[in-house]
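Here is how names work: the chains are called A, B, and so on, in the same order as the sequence lines, proteins then strands, and each is numbered from 1.
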Amino acid sequence: MSKVEVNHLTKSFGSLKVLDDISFQVNDGDFLCIVGPTGCGKTTFLNSLVKLYDIDDGEILINGEEVDLNKHSIAYIMQEYSTMSWLTVKENIQFGMKVRKFSKEKLNRKTEEVLKMVGLEKFADYYPEQLSASMLQRVSIARAFAVEPDLLLMDEPYGQLDLELRFRLEDELIRIWQETKTTIVFITHNIEEAVYMSQRIMVLTNKPTKVKEDFVNPLPLPRNVTEEKFIEMRNKVTNLIKWW
Amino acid sequence: MISCKHVSKTFENNGQKNEVLKDISLEVAENEFVVILGPGQCGKTTLVNIMAGLDHETAGSVTVNGKQVDGPAPERGVVYQKTALFPWLTVEGNVGFGPKMAGLPKKERKEKAKHYIDLVGLSGFEKSYPIKLSGGMRQRVGIARAYCNNPSVLLMDEPFGHLDAQTRYLMQEEVERIWSQDKRTVVFITNNIEEALYLADRIILLSNCPTTVRNEFKIDLPRPRDYISPEFLKLREEISKHVETTE
Amino acid sequence: MKEKKLKYTLISTASVFCFLLIWYLIADVFKVFPSSTFPSPFKVATAFVRKLTVTTPDGGTLGKHLIASLKVVLLGYLLGIVIGVPLGILMGWYRRVDLIVKPLFDLIRPIPPVGWIPLMILWLGIGIQAKATVIFVSAVTPAIINAYTGIKQTNPVHIWVARTFGASNFETLLKVGIPSALPMIFAGLKVSLGASWMALVAAEMLASTEGLGYMIQMNRMVGKADNIMVGMITIGLVGALLTYILETLEKKLVKGGRNK
Amino acid sequence: MKKKFQNSKTETVVYFICSLVGLLIVWQLAVSFTSLQKVMPSPFVVLGFIGQSLTQKIGGKILPLHILASLKRVFVGYFLACIIGIPLGILMGCSKTGKAIVKPIFELLRPIPGLAWIPLAILWFGIGETSKYFIICVSAIVSIILNAYAGASQVDQTLVGAARMLGAKPAQIFLYITLPASVPQIFAGLQVGLSSSWMAVIAAEMIRANEGAGWIITTGMESGNTVQILAGMISIGLVGLLLASLLRLIERGLCSWNIQGR
């Protein structure tokens, strides 16, 4: 439930300029999908957004204030499995809430809620090594939504999953997003996924990364992959990238 | 070329019977590119190991070129998901490993290896070690190594499972190109519908555990196929309806 | 599969039995060596029982020496890991500590713990302090190395996740760094134990008035090989027992199936 | 804080030199101002002594010859441990029956620390060189066997499967797959074995010897000559470091396929 403003974000590793004067806004409750060729610095972009990397120039504001990990509640879901193998599913989910010092009562209530949300009630006491890939990703999603984030960053979370599983998790994410109205920034290389889920689509160029195109996705929800208009939108985005 | 008749396999660990394959019968004709599509992990690799001769079926029979399969033989080449390259051998060493085991003289081995390294587009990388190659390049070495033993049948067990999406698309095109230049009978295993549709003459759909053959789809789209053509997407939609999800 | 396992356990017991048989044959039947220098298993067993109560020739029963050794080794070992593990963790996590402490540590590390014995004896005499310090030095090094490596191997993704939730650097160390380094830390504890046990034997052989090392050294002076073997077996058994205790502790603390 | 030195390699070297100099200064100050001076010589006296003893004899031999005597003993004992240990470890790793026969006896003897064998070795082989070779071999062999066993038994089975598919026969699998695959693990064992050998020779020489690095520090102790003890310890440390980096160089040469790097 927050507005994100990025003005003239630039970053370079040594002499190599990675992010080149990127400016955009994400309104409250928006679902922004960022698409770009592999190796166009998407992960660097996300990490710079939350000051995990220090940036050379530009500013990032959440609800008007400079982004600060302690003040703002931000959740980050990555492609690599970020569940902690020494914690059970329940402890993993509570990790974020404990860091943000939720009250005991709220902690338990939220844990039940998100476990039900991703359908993992039965697996609360399992260890990550006993779970399949899609269940692990669900744990990360539950952990992220548990802290009621102002901003949810997702870096190709479904990159490794089978096709039918990916469809299912995409629908699930849209449902949760509609329920919680969280602002989501979702990065992917898969254009179909971006067109299927986004309210707005932003296309990045190759390094040094610039914003090539930023437009609203008019298709009504729920969308169908084989619809005429869907394929047309998908081709439009593909031509913008043309890495393939 | 390859025919499995009522093949089934049950694993037994400390008293507990676990039936993985149940009554699988399939035929693969000469130089046909057959894709075995199945959800998740159940049974596909076991079927490949049985066809390769590394594992034995508990019931039914598997014959290649009419001969019963009872152990690994150079006539059947395998490409693995984790590439299974020998880390201590260079690209040339890996590709030439089969002929070396067969006792071919060094000069002849080098030529053979060179031919297949060029076929998969890795000329210039003969002397590098696998640890320095990218995922896609390692898969190419795996394919070259299998080809270099000139097998009549090529078994590919989810070779692109670990690659990132863009390399995966490129590798699918690579396999298409290599196969059209040097036709072999191919049995390609995957859980990705798009990959199956892009490569297969025929798709055999397997069910969830215990694995049986659900149905077959004859794919006669012209090659090379286009991922976002309307017919491709329609076929994909149709097939994905039959695929059971794993949980 | 079941009968295969049985076959191998049979072979193992048979091979241990042959080992003891050959030992017995060489010692008592063929008398290849004089029995004082190469006693048979039975002689060693009787010597073991006798040593439990008799104090000759080294001035103490097996129990007394064992307790003396245990006191020294545990003092030095516990001190070593209580200082070594946290230092290794801090060196692994905070760059400034790493840059300052690591070079010093690398300077002292190559000197084998045994090399410290003469200096310690000269400074602290042959009492418990000298031996405990030598054991401390030999225990602290592996503890530091393994804790340091364990922390350095923390998965950066976990650190990112913790930081984005707003965890401070120190909190991330507690909640992510240490848990993921735990298996390596326990490996370090086991190596330190082995090193301490080794340093104890050396220190007691060189200058001591009691302890298992002293016992086997004195028995060497009077040429009683059976007592030497008794001492060696006890050292081996107690060492194995302590390692076993560490392993059970590890199974309880390291969760998530990571200590297989 | 902005990184002063871009390349972390130079950074660690600079910090190494700073802390070395720092250590010398602190040592010098402690010696000249505090009561430590009764017991501890200044660093420069010790370094001077080392320089001096490169030409002047200590007990019949100059320092380098003492070190050489110790190195000779280490290499004989260590070499023995390698020839016996590596094949034994690989045998245990490869053949189930071999493992069933050898492993129980190995597990019985393993907990006994190498140095605990010194009294028995002296009783059996006298105080000459043989007992020192025996002690060094026993101290080094445990980790060599363990790592060779781990290397041979943990060969990735998909690689064995791939080799069989390419027509390799069991003997060829042993030669072309099992051995190369276990080389890195064997080197890990050699590294640990070498440092245990270096410690064992010092201990053996301290118990009973008339030359060698261990002898130097013990005679120093007996005559209360801390300068000699410290000089001995520093040279032992340096030689130990040298041996370890030498072995690492050899490993880098043999296992270049295992090193990440660009």
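- When the shell of 6.0 Å around CZ of B/R177 is examined, it contains more than 12 heavy atoms from other residues, nucleotides or ligands.
- Summarising the geometry of B/P72 relative to D/M165, their closest heavy-atom pair is CB-SD, 3.6 Å, with the distance given to 0.1 Å.
- The distance from atom CH2 of D/W257 to atom CG of B/L89, rounded to the nearest 0.5 Å, is 9.5 Å.
- Between D/Q172 and B/M101, the shortest heavy-atom distance links the atoms NE2-O, 3.3 Å.
- Rounding to the nearest 0.5 Å places CG of D/L254 at 14.5 Å from CH2 of B/W88.
- With rounding to the nearest 0.5 angstrom, the OH atom of D/Y176 is 12.0 Å from the CZ atom of B/F86.
- By number of non-hydrogen pairs under 4.5 angstrom with chain D, the leading residue of B/L85, B/L155, B/N149 is B/N149.
- Counted within 6.0 Å of NZ on D/K96, heavy atoms from surrounding residues, nucleotides or ligands total 12 or fewer; the atom is thus considered open.
- When all heavy atoms of D/G167 and B/P74 are compared, the closest pair comes out as CA-CG, 4.3 Å.
- More than 12 non-hydrogen atoms from other residues, nucleotides or ligands lie less than 6.0 angstrom from NZ of B/K112.
- Within a 6.0 Å sphere centred on NZ of B/K82, other residues, nucleotides and ligands contribute 12 heavy atoms or fewer.
- More than 12 heavy atoms of other residues, nucleotides or ligands lie within 6.0 Å of CZ in D/F125, so this atom counts as buried by the packing criterion.
- Among residues 52-68 of chain B, the residues having any heavy atom closer than 4.5 Å to a heavy atom of chain D are, in sequence order, B/A52, B/L54.
- With respect to chain B, the highest number of heavy-atom pairs below 4.5 Å among D/V183, D/T158, D/I177 belongs to D/I177.
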